[in-house]
Novice: 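I'd like to ask you about the structure that follows.
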There are 2 protein chains.
Amino acid sequence: MRSTKLSLVLRQLRDGGPRSRARLATDLGLTRSSASALVGELEELGLVRAAGVERGGLGRPGTAVELDGHRVCGIGAEINVNHVATMALDLAGDVVAEHRAPIDSTRLAVSAVLDLLAELVEQTDADVRAGGGQTVGCVVGVAGLLDRTHEVLTVGPNLGWKDVPVGAELRGRLGAAYPVTIENEANLAAVAEAVPGDASRQDILVIFGEVGMGGGIVAGGRLLRGHQGYAGEFGHMIVEPGGRRCGCGRVGCWETVAALRPLLDAAADPDDPIRDPALALDERLAEINRRADLGDNRTLAALDQVGSWVGIGAAMLTNALNPAAIVLSGYFAEIGHHMRPAIQEQLLAGVLAPQGGGTRVEFSTLGFTAAVRGGATEALESVFDDPTTVAPRPDVLLGGAR
Amino acid sequence: MRSTKLSLVLRQLRDGGPRSRARLATDLGLTRSSASALVGELEELGLVRAAGVERGGLGRPGTAVELDGHRVCGIGAEINVNHVATMALDLAGDVVAEHRAPIDSTRLAVSAVLDLLAELVEQTDADVRAGGGQTVGCVVGVAGLLDRTHEVLTVGPNLGWKDVPVGAELRGRLGAAYPVTIENEANLAAVAEAVPGDASRQDILVIFGEVGMGGGIVAGGRLLRGHQGYAGEFGHMIVEPGGRRCGCGRVGCWETVAALRPLLDAAADPDDPIRDPALALDERLAEINRRADLGDNRTLAALDQVGSWVGIGAAMLTNALNPAAIVLSGYFAEIGHHMRPAIQEQLLAGVLAPQGGGTRVEFSTLGFTAAVRGGATEALESVFDDPTTVAPRPDVLLGGAR
DNA sequence: CTACTTTGTGCGACGTCACAACAAACGGGG
DNA sequence: CCCCGTTTGTTGTGACGTCGCACAAAGTAG
């Protein structure tokens, strides 16, 4: 009962930025006294703090209140083919710590990868504590299919994993005081793109492309997980019946025509350096951008062709979901601007609703940190759900009633 | 604050059925005294009533409390190509009134259709009042694309309507004391399929097929509308690039291969009576069932072929949404059982998640009343959101404090 | 018939919120 | 320079809702 009101105030501060107690009261339909009391309580918990004066013309200026980051942090973690990574985000959304270790998951044993990630998480938690904060939770993004309980990785084709109870394994290694949960990596990336408070980012579709394709759906600001947690597996929607064979064994999957490989296949001969997996990915993508900027016909044609396929798939999803925006992430973020015309064209052509249902095409700016950022955001959600769960400020405990 | 608790109790009774005050308290984490007070208040509002004793073994038997339907009703209405219809549902979900009028929307003027529907709604409201109830709202389902404000029908291809502010028009005709809102017809059908309390029906995908195809998505028990309200337009997802031309002008739309016409095209010659639009639809569908039951090869092949296409589209949506069930409605409900093997096969083949993500294929049993039923359900939602909005029982007003 | 269990209600204590009053802080005008 | 209006933030007071507890009611088991 009390926690719901505190939650309301906290979310309002996150979504709408700092403001005075009086404005908070009018915005939430409370009295100034109630708002003041709630803010006071949040202040005691160390979740908000004063943020300078707010001159608003006439009358006494208010003292703005803002989220106080440094007390609590959420940790996001990621297990991917090439690396494991973590990130700690404070309540205000600022990065407090970040760790990253390259791996070769296909050669490393499962337990070794989990060991390494656990080490990174503990290091991150240590960083948080060193900054005087407490960790409220850790959400781990895994590249693969996670069962609804979010505890067991059913299949991780790219990782080469199968039936790994990632949640339990990690909890065993950490002995952490905070909850550890598991989520699909692309779903977490979607969470990261849905910035709180931005109304145009509460119904979005995130499409991630690289070796494979995945994605996530945010509807009404909340991640859509589906009945067993398998939602967002866009890469294996069959968009071209009778088309190319996919690594998954099916034929005509979206990722056979819109992931990185089909682009490279169309853009370059087998001996072209941009198709050399030994080279760094961003180098190869930069080269594609260079060629496109120079007007190379084959490159442009390839981008156009793949862009069309991206648009066709995006149109199908838009017909079903009518998102406010489609956020393209992964390799699309780097070279997608060259695909934009083709994507837009197919989207407008393939969506029944007038003007494509008003869906905008955007490109992610989060880079490879999207998943860990989304994980940390998701972990922090528990604080916004119930602010009373965080331990009170030590000085308040000592001070007592004065 | 108070209304939220009342809302909780009311929903609990709806979702879990009648039960004693004590069980209500334990289920909701309240004390027995609080539960008793809340039930008392709901009783005064006329929303719940006693429902016999509940023998539970040891101790004093409890007196069960159940939803009391007859006080408040929601009205669902529908504007379709061949008919307009209404239905009043009471709080318990029982049908209180039902009206239906066949029309030919292509020949009738827009205003005439609206006049007729308004008349039906008023008649339905009169029925509700005659039964001693009050109407709490009316939700109108329209076959076409509705803009997010849910006020203007942007395009209704089958109706032949364009840019009609259905909501405002209807309100003007009704001068109703209750709110009137507009929703896509197939979306309302989806609401009707998502039976409250049934956990396996809170994440579902409803696919409606007849002349065209549409549908709706229910995620976490709530209708997914999308940013502008255009969600659920499955019929025009392009499943066969370069395929057949669709009535909408595009090529390869799902409804060109999975709606009623492609089935008839494959199953019968042009002069076959089952392709005669003059015959009643259920007659023609019954004939298809007869032939399939008799083992007619051409019919079975057609059902198999169309079923495969249904499964291909369903698989795409299942990859994206991972619903607990796909509910097939419209003509699928009548003859879909003959398509089930083909649908299941494509669904298992086309969905990445193991065992097709656990998604079941089901057929609607609601017939053509799905949309009106969903509309009435949606209208009643306002009562569950805030039970205090309903007018108190007249006898309570008269009785006063005793 | 007694012991025990469970249900439903009545009553006092406590916490929370709304309303009102008041002090504080600032701009503007004479 | 001072007074006034305006807005902010805090402090009290009363109303209301919820919890905990006790008690009567109504059944079962032995």
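Note that this is a predicted model, so its numbers are computed, not measured. All values below come from the heavy atoms of this structure, side chains included, with hydrogens, waters and symmetry mates left out.
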Novice: Of A/Glu41 and A/Val53, whose closest DNA chain C nucleotide lies nearer the 5' terminus?
Specialist: A/Glu41

Novice: Could you check whether any side-chain heavy atom of B/Glu66 comes within less than 4.5 Å of a side-chain heavy atom of B/Leu13, counting everything from C-beta outward?
Specialist: no

Novice: Taking for each residue the nucleotide of DNA chain D bearing the nearest heavy atom, is the 5' side occupied by A/Leu58 or by A/Arg32?
Specialist: A/Leu58

Novice: A/Glu54 CD to D/dG9 C1': how many Å, rounded?
Specialist: 13 Å

Novice: If you take atom types as modelled and just measure distance, does the side chain of A/Arg60 reach the base of D/dT8 with a donor-acceptor pair under 3.5 Å?
Specialist: yes

Novice: Tell me, do A/Phe384 and A/Leu10 make a side-chain contact under 4.5 Å, heavy atoms counted?
Specialist: yes

Novice: Given D/dT18, D/dG9, D/dA26, which nucleotide is nearest the side-chain atoms of B/Ser34?
Specialist: D/dT18

Novice: Roughly how many Å is it from CG in A/Leu38 to C1' in D/dT10, rounded to a whole number?
Specialist: 14 Å

Novice: If you compare every side-chain N and O of A/Arg23 against the phosphate oxygens of D/dT8 (OP1, OP2), does one of them come in below 4.0 Å?
Specialist: no

Novice: Between A/Glu381 and A/Arg14, does at least one N-O distance fall below 4.0 Å, as a salt bridge requires?
Specialist: yes

Novice: Any side-chain to backbone donor/acceptor pair from B/Asn322 onto A/Gln228? Under 3.5 Å, distance only.
Specialist: yes

Novice: How many whole angstroms separate atom CG of B/Leu28 from atom C1' of D/dT18?
Specialist: 14 Å

Novice: Any side-chain donor paired with an acceptor under 3.5 Å for B/Thr31 and B/Ser34?
Specialist: yes

Novice: Distance under 4.0 Å to a non-hydrogen atom of chain B counts as contact; along DNA chain C, which nucleotides mark the start and end?
Specialist: C/dT5 to C/dG10

Novice: Salt-bridged, B/Arg2 to B/Glu41, with N to O below 4.0 Å?
Specialist: yes

Novice: Using only heavy-atom distances, decide whether a donor-acceptor pair under 3.5 angstrom links the side-chain of B/Ser33 to the base of D/dG20.
Specialist: yes

Novice: Which residue lies toward the 5' end of DNA chain C, A/Gly29 or B/Ser36, if each is placed at its nearest nucleotide?
Specialist: B/Ser36

Novice: Send over the distance from B/Leu24 CG to D/dT18 P, rounded to a whole Å.
Specialist: 13 Å

Novice: Is A/Arg225 paired with A/Glu378 through a side-chain N to carboxylate O contact shorter than 4.0 Å?
Specialist: yes

